[in-house]
Structure formats: C-alpha cells, structure tokens
Amino acid sequence: MTGPPTSVRPSHLAATGPAMKQLLADIDWISILGAIGASIATVAAAAGTAGKYLLGYFERMQKAQRDHDSSVISRVDAMGARFETAFRDVNQAHQNEARQTINTLMKIQSETVTAITRQSAQVSEMVKALDDLRLEIARKEDKKEFAEREEAQRLELARYAGKTLKTVGGQP
Amino acid sequence: MKKILVVEDSIENGPLLAQILQNNGYTVRLARSGPEAINLAADDSPNVVLTDYYLTTEMTGAGVVEHLPDVPAIVMTAGGDDVVEAIAKRLPHARVLSKPVATEDLLAVVRAAAG
C-alpha cells in the first residue's frame, strides 16, 4: 500500500512534517475502516438483536396485557352473571312470597264474602218468615174484617162474571 | 195470547177470576197453592202471575212471587192497609191490591202488567 487515499487524508495534516507524513502513510487505513465497519455492523447487529428482543418483549407484554384484560373482563362478566342470577333468585323469591300472600288474602276475602252472603241470606229468610208470621197473626186478629173483604171480592167477581157472560156470550 | 197464572186457594174466587180473565182474552192457568203455582210456571212460563197473599199452605203469595222473579206480579190481599203496606215493602216490584178490588180496575192492572 502506498498511502492513504486523498479523500480520507486530513487536510490540516498536509503541512505536517515528513515524520508525520510517514506515520500517516504507515497506518493501515483500510484495516481501521474495516474494523470500524465491522464494529458498526456488530453494533448494528446487536442493536437489531436488542430491537428484536425489545419488539418481542413488547409483543409479549402486549399479549400479557391483553390476556390480563381478557381475564379481567371474563371475571367481571362472571361476577355480573352471578350477581344477575342472585338478583333474579332473590326477586323470584320475593315474587313467590308476594303471590302467596295475595292468594291467601284473596282466599280469605272469598271465604268472608261467602260467609257474609250466606248469613245475609239467612237473615233475609228469617225476616221474611217473621213478616209472614206477623201478617198471619194480623189476619187472625182481624178475622171478621178479613172475611168481609174476601166476601166482598167474591161478590164483585161474581157480579162482573155474570155481566160478562150475558154481554159476551149472549147466554144467561 | 198472554198467559196469566192465577194463584187463589178460595174455591169460589179462583174460578171466577179465571173465567173473567179468559173472557177478556187471556190464557189462564189456575193454581190453588204456592208449590202448585211454581210447578205450573216451570211447565209453561206465564206473562203475569196474579196471586192472593194468604194461601192455605205454608207458602204465601209473596213466596210465589219471589220464586218467579222475572214474571210481573200482582198480589191481592184482604188483610187491610197495613198488610198491603207490608207486602209492598217486601215486594217492591209487585203491584199490590187491597180487596175488594173493582174488576175493571183489576183488569186494568193486569193489562198494564202483561204489557
């Protein structure tokens, strides 16, 4: 190798002395640049690996987070379902209790109405029987006048019937 | 032709009433007691029931009327004003007549009841 390429030679060294020139000429720039390139590649590879690792890490974290979120959601759903079931059971129990109470009250009401109706009918029959008795007593106490009225009615009917026979039938 | 159920235990007044009503264009069935009247009404529903209040059986004319709630009723009685008032109170839908009743008046009441 005869020296470094001009393009990579520092300009401020142009005016240095011969020793310096020789030193610069002796440096294996290609090797240095190759080493630097290799280092950069190594660093890049390492960075790539780290990036991949980080990417994987983040993906795993995201997955774990999603799994966690799903788990939480599932647990909340399960709790909600259990709460709903429990609420429904309690509600059903209250409804059954209320229904039984209403049925009992309706039965009592029906029995009460039946009893009152029966008693009312009995009282009504008793009142009628008393009325009949009272009127029968009145007839016996008023026997003479009663008989006179009956006789007067008989005479009235007989009179009318006789008149009708003569008028309508034309027969005596 | 309107059907009249006459309930009268008097052996004289019952037939006389039946005869007069027939002469005035009604079909008449005559019963001498409350139970007999109810049986006749069950066989052939009358348009009007005309009954004496005091009958010889334990059922009065009021009992007959109460057994036939859908039939217009006329109740006659010789019991006087107090009895008429008591019957009218017990049977608010019935026409109550105090004996003796002029036959023309009775026929007018029957016509009104028969509709």
Side-chain angles (χ1 to χ4, degrees), chain A residues 102-103 105-172, chain B residues 6 8-26 28 34 50 52-67 75-91 96-108 110:
Chain A
I102 289 169
N103 287 341
L105 288 173
M106 287 179 70
K107 188 179 175 190
I108 290 171
Q109 183 195 27
S110 173
E111 289 173 353
T112 305
V113 168
T114 302
I116 289 172
T117 304
R118 188 169 55 242
Q119 287 178 355
S120 176
Q122 287 172 346
V123 169
S124 179
E125 287 303 314
M126 287 169 65
V127 168
K128 287 175 184 174
L130 282 172
D131 269 353
D132 290 345
L133 184 61
R134 186 167 64 82
L135 296 179
E136 187 63 28
I137 290 169
R139 178 171 74 158
K140 287 179 177 172
E141 286 178 345
D142 195 21
K143 196 171 182 179
K144 183 170 177 292
E145 289 185 15
F146 181 87
E148 287 174 356
R149 294 190 194 104
E150 285 286 1
E151 178 62 12
Q153 185 67 66
R154 187 189 67 77
L155 292 172
E156 163 62 17
L157 291 172
R159 180 194 65 78
Y160 187 90
K163 188 178 75 175
T164 306
L165 274 178
K166 288 173 186 171
T167 306
V168 176
Q171 299 292 326
Chain B
V6 176
E8 174 60 84
D9 60 344
S10 164
I11 57 173
E12 293 173 322
N13 288 357
L16 282 170
L17 270 173
Q19 183 186 344
I20 291 167
L21 290 168
Q22 283 169 346
N23 288 346
N24 281 271
Y26 296 102
V28 180
L50 170 61
D52 188 23
Y53 177 78
Y54 290 110
L55 302 170
T56 49
T57 57
E58 61 185 19
M59 182 183 286
T60 64
V64 174
V65 172
E66 284 167 345
H67 271 84
V75 181
M76 299 174 71
T77 180
D81 292 342
D82 291 345
V83 176
V84 169
E85 189 179 337
I87 296 169
K89 189 175 177 184
R90 178 166 165 182
L91 304 172
V96 186
L97 303 176
S98 183
K99 294 180 182 179
V101 186
T103 310
E104 288 84 355
D105 294 342
L106 174 60
L107 288 170
V110 170

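In what follows, every heavy atom counts, from backbone to side chain, and hydrogens, waters and symmetry copies are set aside.
- Most heavy-atom pairs under 4.5 Å with chain A, from the set B:Lys89, B:Glu66, B:Met76: that is B:Glu66.
- Salt-bridge annotation for A:Glu148 and A:Lys144: present, with a side-chain N of the basic residue lying under 4.0 Å from a carboxylate O of the acidic one.
- Residues B:Tyr53 and B:Ala62 approach most closely at CE1-CB, 3.7 Å, considering heavy atoms.
- If you measure heavy-atom distances from B:Leu107 to chain A, the contacts under 4.5 Å come from the side chain alone.
- A salt bridge is defined here as a Lys NZ or Arg NE, NH1 or NH2 lying under 4.0 Å from an Asp or Glu carboxylate O, and A:Glu145 with A:Arg149 meets this definition.
- Of the two parts of A:Asp142, only the side chain, counted from C-beta on, holds a non-hydrogen atom closer than 4.5 Å to a non-hydrogen atom of chain B.
- Only the side chain of B:Thr60 comes within contact range of chain A, with heavy atoms under 4.5 Å apart.
- Taking CG of B:Leu106 as the reference point, atom CD of A:Gln153 lies at 7.0 Å (rounded to 0.5 Å).
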